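Residue numbers start at 1 and run along the sequence shown. When reading the values below, keep in mind they use all heavy atoms of this one structure, side chains included, and skip hydrogens, waters and symmetry mates. In listed order, ligands and their atoms are each counted from 1. Please read all numbers here as calculations on a predicted model, not as lab measurements.
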Amino acid sequence: KGLVVTQLDIEPGECIKVKGKIESDAEGFAVNVGKDSNTLLLHFNPRFDCHGDVNTIVCNSKEDGVWGEEDRKADFPFEHGDKVEICISFDETEATVKLPEAEFKFPNRLGMAKIEYLAVEGDFKVKSIKFS
Ligand SMILES: CCCO[C@@H]1O[C@H](CO)[C@@H](O[C@@H]2O[C@H](CO)[C@H](O)[C@H](OCc3cn(Cc4cccc(C#CCN)c4)nn3)[C@H]2O)[C@H](O)[C@H]1NC(C)=O
């Protein structure tokens, strides 16, 4: 399934650092943050080749189990087998995903004030998680 962390209490301005390795044959992976699996502030989903998308980051929110409007990013700073550190932070207006050489913003559509849930899914092997 993938790594799931619950009972978190991450506040605006704090950041979640997920370090890991993208599989050498990855089709895609996802990092989800929010309240729980049905209520996501951000589904950050880099796709190498899946659902008809090639080298595309798809971001979305989920409210009461229902996906919102997808937001496809222009940049794709990932390669198969990469070791990556993904830093996610947020405030009342937006979530920010910081990578060494790229940064992505996504609106805080739900007005979420606290992140309690983190899940990493797909072709990604988690090395460490840091909260700061
Ligand atoms: C053109 C008309 C139709 O439009 C399509 O309609 C699909 C269904 O709605 C959308 O796809 C959904 O998009 C949603 C975001 O919006 C979600 O990503 C959701 O996936 C949830 C999900 C997560 N996981 C776990 C996991 C995660 C990453 C890797 C793996 C793996 C592996 C082993 N190699 C597994 N499993 N399922 C996806 O299914 C497409 O984007 C959308 N395409 C466009 C262009 O619009």
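Listed by chain and number, residues touching ligand 1 at under 4.0 Å (heavy atoms only) are Glu27, Gly28, Phe29, Ala30, His43, Asn45, Arg47, His51, Asn60, Trp67, Glu70, Arg72, Glu121, Gly122, Asp123.
Applying the side chain to side chain contact (heavy atoms under 4.5 Å, CB included) rule to Cys59 yields the partners Leu42, Phe44, Ile57, Asp71, Lys73, Phe106; only residues at least two apart in sequence or on another chain are considered. Residues passing the side chain to side chain contact (heavy atoms under 4.5 Å, CB included) test with Glu70 are Arg47, Val58, Asn60, Arg72, sequence neighbours excluded.
Side-chain heavy-atom separations under 4.5 angstrom define the hydrophobic clusters, and the remaining members of the one that includes Val4 are Leu40, Trp67, Tyr117.
Residue-environment remark: CD (Glu79) stays at or below the threshold of 12 foreign heavy atoms within 6.0 Å.
With respect to the salt-bridge test (charged N to carboxylate O, under 4.0 angstrom), the residues Lys17 and Glu85 do not qualify.
At least one side-chain heavy atom of Asp49 sits less than 4.5 Å from a side-chain heavy atom of Val54.
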